[in-house]
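Basis for what follows: all heavy atoms, side chains included, without hydrogens, waters or symmetry-related copies. Everything quoted here is computed from the prediction, not taken from an experiment.
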Amino acid sequence: DSCDTGRHLRCCDPPLARAPRGDWFCGPVCERRAKGELLERDCEATDDRIGAGAFAAGWRVREAYLGASKHGNWRYVDPGGRALRTCGEAAAAWKEEEGEEEG
């Protein structure tokens, strides 16, 4: 298995009775990692961390570097590409951005 993340074989789609022989990847996350792509949180997780509507407005939560998600190292990226280190900084920037749009 070419994946260092835990995964139940019964949770694979389709479920597996045992790990396949040779190199294999457990799903879309590991396939992206194998291609060298940074992982990114989905819409719901992004809005939970930054604020409602942030994902739709272009905010993203992605790995700080390849494999960083295993260590909890995420970056909060605004629509302009600026990366913030903490979800608190990102939430404050999002609230400020929302306020500018309303006012």
| Taking the six-membered ring of Y76 as reference, does the NZ or CZ atom of R60 fall below 6.0 Å from its centre and within a 45° cone about the axis? | no
| Do L84 and W59 come close enough that some side-chain heavy atom pair is under 4.5 Å? | yes
| task | Compare every heavy atom of P79 with every heavy atom of A57, then report the nearest pair and how far apart it is. | result | O-CG, 3.2 Å
| Distance in Å, W74 CH2 paired with E40 CD, rounded so as to fall on 0.5 Å steps | 9.0 Å
| To the nearest 0.5 Å, what is the distance between CD (E89) and CZ (R75)? | 9.5 Å
| field | Value rounded to 0.5 Å, distance of CZ in R49 from CD in E44 | value | 12.0 Å
| field | T46 to R41 - nearest heavy-atom pair and separation | value | OG1-O, 3.6 Å
| Backbone N/O of A68 and side chain of E63: donor-acceptor pair under 3.5 Å | yes
